[in-house]
Amino acid sequence: MRAYVLSRLGQTVLVVALSLTAVFGLVRLSGDPVLFFMPMDIQAKDVNEFRQRLGFNDPLLVQYGRFVGGALRGDFGQSLRYRQSALGLVIERLPATLLLASTAVLLTLVVAVPLGVISAVRRNTAVDHAATVATVLGQAVPGFWLGLMLIYLFSVQLRWLPTGGRGGLAHLVMPSIVLAAFFAARVARLTRSAVLESLGEDYVLTARAKGLAETRVIAKHTLRNSAVPIVTLAGLEIGQLLGGAVITETVFAWPGLGRLTVQALLNRDFPVVLAAVFVISTTYTLINLAVDLLYGWLDPRVRLRA
Amino acid sequence: MRRSLSLALILLIAAGVVPAPAQDRARTKEVVVGLGAEPRTLIGVTIVDWTTNNMLEHMYDRLLDRDAKTLKPKPMLATGWKVINDTTWEFTLRRGVKFHNGEPFTAESVKATYEYMANPATKSHYWSASYWKPVTAVQVVDDATVRFVTEKPYPSLLDHASLTNFLVLPAKALREPGGVEKLQQNPVGTGPFKFVEWKRDERLVLERNPDYWQGPADASRVTFRFIPEFSARMAALLSGEIDIMKDVPPQAVEAIDKSGRAKVRSTVSSRINYLALVNLKPGPMQDVRVRRAMNHAVNVDELIAQVLKGRATRMCGPMAPTNVDFAPVECYKHDPARAQALFKEAGVDPTKLALTLDTPSGRYPLDKDVSQAIAAQLQRLGIKVNVVVNEWGTHLDKIKNRNTGDLFFLGWGPALYGQGTMDPLFRGDQTYSSYGNNKALEDKLARATTLVDAKARAAAYAELQKMVHDEAPWVFLWQQHDLYGVASQVEWSPRADEKVWMYEARVVAR
């Protein structure tokens, strides 16, 4: 078991290193970083002086070497735009993103799993059809549109909730709903089909034959056996929520990682982009590792093979 | 599922966990300004960026201000100035002004600010040829007198001194070990508001400076909130969370005016928009007759009326009246026949012309729509125009690398003095120019930028504007109108130079 975890951690390091290298190359294809944060009326020779001073005139390989050297010491350099530690800026945004993502995940699981189970158990009834419509809508409605509609209704018209920003619980309501909506729809669909599949299995028949109450059959025998795909999907989604809440964070002016990363990309603030990729890819692979370890707990057969 | 979600929301509200923020904002005289981005630094004279400096100038003062109407330099921290000789300028400084940390403002503060900026470690944008590099020394004459010495005659010095390009920093705090870092965290100026806190990507909070030398502001607090999405910013205005927002798009004006909670206030801006006719690469635009024909072919008045709903003011030459060096020139009339004749003279068959027009989207008011309308107008003469919409960064790269089509759309501003517009845009070797290789124009330009005498300078720029008009390097378009959304309880008028200064705001009632 320990060897397994260690080798997986080794893979994590490799994945992060490879993604950083790829992104390092890609951002440099996107264009000149220096012009962006210089005033437009600046003269060409002054721009060049800045480029020289910031090291952008060196050969790409030299720049890459410098980047790797720094990154190994945890130094991603200074943000070109803000002139502060790039990693510091990213770390600063992490709590806000974690808060939003975990609320959304909680909301997803609390709403979507029961919904999926109910749809499966009462399949082809009105409840199931209603749930199907809701989940299709949840997946189809774009996040920014849902966000703006909620803002219009609850902030502008009713004035119940703040339009955005971070603060108390009230600030968390709309962004987490928007973030959860899409994922909840997917989790509910998946739960429904996984539970449906288990319901047809012989052990369910056995459990019922033993005279177990239906709720117990569902909770103990069906749900646990359907858990593996649900956990897989949830794990992938948590990873996505951490780096991918861009639209929600922008619409709701949420001071998170996604908004910072996209701004950095648009402004060609390379050090911040790389620091963000480092943090996001590390978290993503670690969550995947955690999900894989969860399999063993959920399904003893996986443990035996390992 | 949607029902369960709204149910959860209603439960939350019913449980009283959610305060109604818009209603019980118990602030008394706080003004909240909604901006699209946060400041890039809190220390002055370091980074050239409108958004940053807009916030900074609430905490720091300029050396000189500009008159709100005429936009001409007027006293601020300096009470007067005089020209000692072609390369020496003397400023008399206001006495009795104190920084927020109690340090007195003197000639030493001006000198220390200059030295901080000139220090290579600062990497200040202002330490460049278009800003303060031409100044070789700042000399303290006495506590209230300071001299700027330049390498060559540099009349634009006065223009820079009266912008946010010289926000004065405290000398003692700056020169302490670690002083710069401290000032970045806790900015100290002489301005009407003092720094309270900066929450990254959320807000910058300032409080009134009761000892401000012009008298305390009406607003007790100014908060800048950073809301990147335009629609969300507008929602924040309509829900009463913010009091002022900049750059309301023309199509949203009605919604705001009808809301009963805010009004749109507009001003003619010093920011100009133009269609560049690129002569820096081979193509039809290298012929002056073709460029003139283009000016006759495009119907600028129609664009203003139809696309911008009247929210722009036509400009006939490269400068607008908000520019201190403006001189009037005659407009090119919309005249398709004249355009046809000029094309013919140049040996160009417009029906065989296929041009590419590069445009940004969302950078200037309705920029993409204007570009498409221009393409449609040129189509009437049989000219095929392919409009390419670029992401902003790509647009700048294309201009810089001379990779645009024969036409591109760009804005420029705040365009308040002649050199700042002419030098970077009509010399072939400049980053964002579209036109160049005109020796006569470049020589006259070089001369104009060294004329310290006001009359000679005015004459030189008048001649230059005539020359540029005749050369037709652009289709001259217009000055933008800046549209601000202002909450009903705040009295504030926008200015042409984009100085959004809450010292001038009055909070009427809550």
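Naming convention: chains lettered A, B, ... in sequence-line order (proteins, then strands); numbering from 1 in each chain.
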Residue selection (most heavy-atom pairs with chain A, distance under 4.5 Å) from [options]:
{"options": "B:Asp429, B:Ile47, B:Asp49, B:Leu396", "answer": "B:Ile47"}
{"options": "B:Glu391, B:Lys400, B:Arg203", "answer": "B:Lys400"}
{"options": "B:Ala232, B:Pro424, B:Gly393", "answer": "B:Gly393"}
{"options": "B:Arg200, B:Arg427, B:Arg233", "answer": "B:Arg200"}
{"options": "B:Lys199, B:Lys133, B:Met234", "answer": "B:Lys133"}

Original post:
What do you reckon, is CZ of A:Phe56 surrounded by more than 12 foreign heavy atoms closer than 6.0 Å?
Top reply: yes
Original post:
Should the heavy atoms of other residues, nucleotides or ligands under 6.0 Å from CH2 of B:Trp392 be counted, would the total exceed 12?
Top reply: yes
Non-hydrogen atoms of [X] and [Y] that approach each other most closely:
{"X": "A:Met40", "Y": "B:Trp412", "answer": "O-CH2, 3.5 Å"}
{"X": "B:Ser239", "Y": "A:Thr163", "answer": "OG-CG2, 3.7 Å"}
{"X": "A:Tyr82", "Y": "B:Pro39", "answer": "CE2-O, 3.5 Å"}

Using non-hydrogen atoms only, which part of [X] is less than 4.5 Å away from chain A: side chain, backbone, both, or neither?
{"X": "B:Gln184", "result": "neither"}
{"X": "B:Leu410", "result": "side chain"}
{"X": "B:Tyr432", "result": "side chain"}

**OP:** Could you please state which residues from residues 121-130 of chain B sit under 4.5 angstrom from chain A, measuring non-hydrogen atom to non-hydrogen atom, sorted by number, or 'none'?
**Re:** B:Thr122, B:Lys123, B:Ser124, B:His125, B:Ser128, B:Ala129, B:Ser130
Top residue by heavy-atom pair count (under 4.5 Å) with chain B, among [options]?
{"options": "A:Leu260, A:Asp46, A:Leu266", "result": "A:Asp46"}
{"options": "A:Ile151, A:Asn267, A:Asp32", "result": "A:Asp32"}
{"options": "A:Arg166, A:Arg53, A:Gln157, A:Arg93", "result": "A:Arg93"}

Subject >> Spatial distance of atom CG (B:Asp397) from atom CG (A:Leu35) [nearest 0.5 Å] >> reply: 6.5 Å
Original post:
In Å, rounded to the nearest 0.5 Å, how long is the span from CZ of A:Arg83 to CD1 of B:Ile43?
Top reply: 10.5 Å
Subject >> A:Arg259 side chain vs B:Asp201 backbone, donor-acceptor pair below 3.5 Å >> reply: yes
Original post:
Is B:Arg225 reaching over with its side chain to a backbone N or O of A:Ala253, donor-acceptor style, under 3.5 angstrom?
Top reply: no
Subject >> Which atoms of A:Ile42 approach chain B - backbone, side chain, both or neither, heavy atom under 4.5 Å >> reply: both
Extract all donor-acceptor atom pairs below 3.5 Å that involve side chains of residues 85-92 of chain A and protein atoms in other chains or at least two apart in sequence.
from, atom 1, to, atom 2, distance (Å)
A:Ser85, OG, A:Gly88, N, 3.0

Original post:
Taking C-beta and beyond as the side chain, do A:Phe144 and B:Ser231 meet within less than 4.5 Å on heavy atoms?
Top reply: no
Subject >> Side-chain heavy atoms of A:Pro162 within contact of B:Glu241, under 4.5 Å >> reply: yes
**OP:** Not counting sequence neighbours, which residues clear side-chain hydrogen bond (donor to acceptor under 3.5 Å, both in side chains) with B:Arg261? List them please.
**Re:** none
Subject >> Pairs touching residues 252-271 of chain A that satisfy ring-ring contact (aromatic ring centres under 6.0 Å, His included), sequence neighbours left out >> reply: none
